[in-house]
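Here's the structure, in structure tokens; my notes come after.
Computed from a predicted structure; not experimentally measured.
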Amino acid sequence: MRQLFRGSNLHVQALTFDLLVAYCADSLCFFVVFGEPVPIEVNCALGLDAWKRWSGGLLTIKQLMVRFLKYGFHASFPCVVCSHSRECLLRQKVLVQSPQPFERATVNHSTKEPASTLKPPSKPLVNRISKIFFNCLAALTLGYVLLLIPESHPPFPKGAGKRPFVWNLNAFWSSLEQQFNQNRTAGCSGLETQLSAALSENNRLLELIATKPLGPADPLFTSLETNLFNLAPLAAACPARLHDYIELVTRTRAEVKRQSQSWDSNAPSTRDRIYRLLFGSRLALEEVMLQAPANLDMPPAILGTNEPSQTPALKIFGVTVHSGDILVSRGGAPTSALIARGNDYPGNFSHVALLHIDDKTAQASLIESHIESGVGVSSLEKYLEDKKLRIMVLRLRSNLPELLQDPMLPHRVATAALQSAKGTHIPYDFAMDCRDHASQFCSEVVSAAYEEAGIRLWQGSTFISSPTVTAWLGSVGVRHFETQEPADLEYDPQVTVVAEWRDRSTLLKAHIDDAVTDVMLQQASPGEPLDYQLLLLPPSRLAKAYSFVLNLFGKPGPVPEGMSATTALRVKKYRSSHDAIAARVLSLSDKFRQTQGYTPPYWKLIELTRQATAQTGKRS
């Protein structure tokens, strides 16, 4: 509302507005009023000299805001006035306190001073409460703005500078899918001769490989790899021969690991060969398993090499495990998929734990490091409670010189690690520095324990070279990109694969999580860190402060020890984005299975993920 008044005398009584701002130029004044109805009385007839005496001179915008905050909304509030030059001044107070009308004030024009002074009644309680409320609101707003300031971080370190592995076999994968569909039409009876011949050929190649030491570039390995992939569409179309295919893959892995004992673990030719045969054969086997009918009898654990051991033992799911064994697993969280896939040789595992079995009570304990609490000890039951999509048991070779000298060495290593975890708090190592054991990530728990006994695990180091992966992991605290990741321990020639558990009901989820992670990495801008919601930074920082207090008393908080508030938000948003896409891929996968009659293979999941990503982006 705007009211205009002319003349040098001005008396306004009982205007029903909360806030009044007056602008004056010469003898013309007008008032702009805002807010809730409140009776006020205004004396607005002072001269410029009186204004200056009251206000101390012209006011800057900053000074004006200071007075604004000082007087609040419902106190004797100053009236803002402009002179001929439009400079802002502070003048006679506008009284906004009493619902009762005040008596008129008169002005002495000769002196241009007010003839009487208005005396407002005492402040009502509601006004004091309102003032406190708005002042608290202003303080909270200021605090929120301060907490909203992003943290500075040093430039992310460069990656390992190696060559990430790429299959480059898209056409070959598509041809395998076409062969599978043709084989389904032919039926198992029509494939028997061809399937038996293919199995015999692969067994013949393995017998040749076993006769003498071979280098990683030997063409026999290339033939073995090609035949394993070509055999998969036949085995998938004839589930009755699935066990024969499992046996072939298991035998292939054992022979490749035996041959690799004399290879240079960090040579590119070695890494490529081992990865193609061990990871590739697992991928082929799981594609066959996913096509098997639900009523097919298939054991959850596939046995590998029964490596002898003299340490205390017990049976888990029909598999005998020993103290000092290493359990490598894959969690069900999106970050687990990123750990598994985020290195130069994308794998299937994201977590490592060291098994200890008490020689008197036969009680099993797992020494492991968790992001939330650092290094700790879990019972076997608690370990299995955490969602596991797969578990693999690794055991040191019994013919290692250290074990020949002391067969109980793995048990002694596990016992020392158990005592250390119980007696000392070791925080989680977000930097993934496998050389400094003051803080430890999961792989480092195992490598540090065996390092004390003179055994250096992960002879083939993990390299992280992709600019996208480096930026993503760097934004959540990783600073070392030549390190030790769970998936790469399988390729170490010092360990043998004893068994691997897979839950068929969650096997497809593992593949979907991998496909979503791969596509998210492909579609991201190289070198850009994980994003986060800036507006959630203040509450996240408060949660971090609360977590810090809990950590002082040895308790985990909502933000893990060693993780910043910003990192927590990055992880939260990544999980949310990954879950949204994965849910859409699962839905598309179900439709694919209904229309096509079979479970989409991994390369088809990649296509479905790209489709789901586009759809999720449009919805958001």
Atom [atom1] of residue position [X] - does it have more than 12 heavy atoms of other residues, nucleotides or ligands inside 6.0 Å?
X      : atom1 : value
Lys388 : NZ    : yes
Gln363 : CD    : no
Asn306 : CG    : no

Do [X] and [Y] make a side-chain contact, defined as non-hydrogen atoms from C-beta onward lying under 4.5 Å apart?
X      : Y      : answer
Thr415 : His356 : yes
Trp472 : Val478 : no
Thr270 : Asn266 : no
Ile357 : Asp325 : no
Ser443 : Trp458 : yes
Gln494 : Glu402 : no
Gln261 : Arg397 : yes
Leu384 : Ile391 : yes

Reported [atom1]-to-[atom2] distance for the pair [X] and [Y], which is rounded to 0.5 angstrom:
X      : Y      : atom1 : atom2 : answer
Met432 : Phe481 : CE    : CZ    : 8.5 Å
Glu247 : Asn202 : CD    : CG    : 12.0 Å
Ser323 : Leu354 : OG    : CG    : 7.5 Å
Thr496 : Glu307 : OG1   : CD    : 4.0 Å
Asn170 : Trp603 : CG    : CH2   : 10.5 Å
Lys604 : Thr609 : NZ    : OG1   : 12.0 Å

Stepwise side-chain contact (heavy atoms from CB on, under 4.5 Å) test for Ile326 and Leu457: CA-CA 11 Å; Ile326 304 166; Leu457 294 177; 3.9 Å; yes
Hey, could you give me each pair passing ring-ring contact (aromatic ring centres under 6.0 Å, His included) that has a residue in residues 312-354? Not counting sequence neighbours. Phe165-Tyr345, Tyr275-Tyr345, Phe317-Trp501, His351-His370
Is [X] reaching over with its side chain to a backbone N or O of [Y], donor-acceptor style, under 3.5 angstrom?
X      : Y      : answer
Tyr602 : Asp514 : yes
Tyr245 : Leu228 : yes
Arg570 : Leu530 : yes
Asp492 : Gln459 : yes
Thr517 : Asp513 : yes
Ser175 : Phe172 : yes
Thr211 : Leu208 : yes
Ser369 : Gln440 : yes
Ser379 : Lys382 : yes
Ser587 : Ala583 : no

Shortest non-hydrogen contact from [X] to [Y]?
X      : Y      : answer
Leu242 : Met289 : CD1-CG, 4.3 Å
Thr311 : Pro407 : CG2-O, 3.9 Å
Pro410 : Tyr450 : CB-OH, 3.4 Å
Ser350 : Gly331 : OG-N, 3.1 Å
Leu507 : Arg502 : CD1-CD, 4.5 Å
Phe592 : Thr599 : CE2-C, 4.4 Å

Using side-chain contact (heavy atoms from CB on, under 4.5 Å), reason through Thr222 and Arg273 one step at a time and then give a plain yes or no. CA-CA 9 Å; Thr222 303; Arg273 179 61 72 193; 3.1 Å; yes
Determine, stepwise, if the pair Glu201 / Arg204 fulfils salt bridge (Lys or Arg N to Asp or Glu O under 4.0 Å). CA-CA 5 Å; Glu201 175 61 17; Arg204 185 188 69 84; 2.8 Å; yes
Please step through side-chain contact (heavy atoms from CB on, under 4.5 Å) for the pair Leu248 and Leu206, ending with a clear verdict. CA-CA 9 Å; Leu248 177 64; Leu206 285 173; 3.7 Å; yes
Indicate whether the side chain of Arg610 and that of Gln523 have a donor and an acceptor atom separated by less than 3.5 Å. no
Glu192 with Arg241: basic N within carboxylate O range, under 4.0 Å: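 Judged by the 4.0 Å cut-off on N to carboxylate O distance, Glu192 and Arg241 do form a salt bridge.
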Whether Glu255 and Arg258 form a salt bridge (side-chain N of Lys/Arg under 4.0 Å from carboxylate O of Asp/Glu) is what I want to check. yes
Working for salt bridge (Lys or Arg N to Asp or Glu O under 4.0 Å), residues Arg271 and Asp488: CA-CA 10 Å; Arg271 297 299 300 270; Asp488 289 330; 3.5 Å; yes
Show the numbers, then the answer: is there a salt bridge (Lys or Arg N to Asp or Glu O under 4.0 Å) between Arg163 and Asp272? CA-CA 11 Å; Arg163 174 183 57 85; Asp272 285 1; 3.0 Å; yes
Please work out which of the three classes, parallel, tilted or perpendicular, describes the rings of Trp263 and Phe221, given edges at 30° and 60°. perpendicular
Could you check Glu485 against Ile464 for side-chain contact (heavy atoms from CB on, under 4.5 Å), going step by step and ending with a plain yes or no? CA-CA 10 Å; Glu485 285 204 358; Ile464 304 172; 3.5 Å; yes
Pick from Glu177, Arg593, Arg184: which one makes a side-chain hydrogen bond (donor to acceptor under 3.5 Å, both in side chains) with Tyr598?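 Considering Glu177, Arg593, Arg184, a side-chain hydrogen bond (donor to acceptor under 3.5 Å, both in side chains) with Tyr598 is found only for Glu177.
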For Phe430 together with Phe441, are the ring centres under 6.0 Å from each other? no
Stepwise, does the salt bridge (Lys or Arg N to Asp or Glu O under 4.0 Å) test hold for Asp218 with Lys212? CA-CA 12 Å; Asp218 195 284; Lys212 58 181 178 179; over 6 Å; no
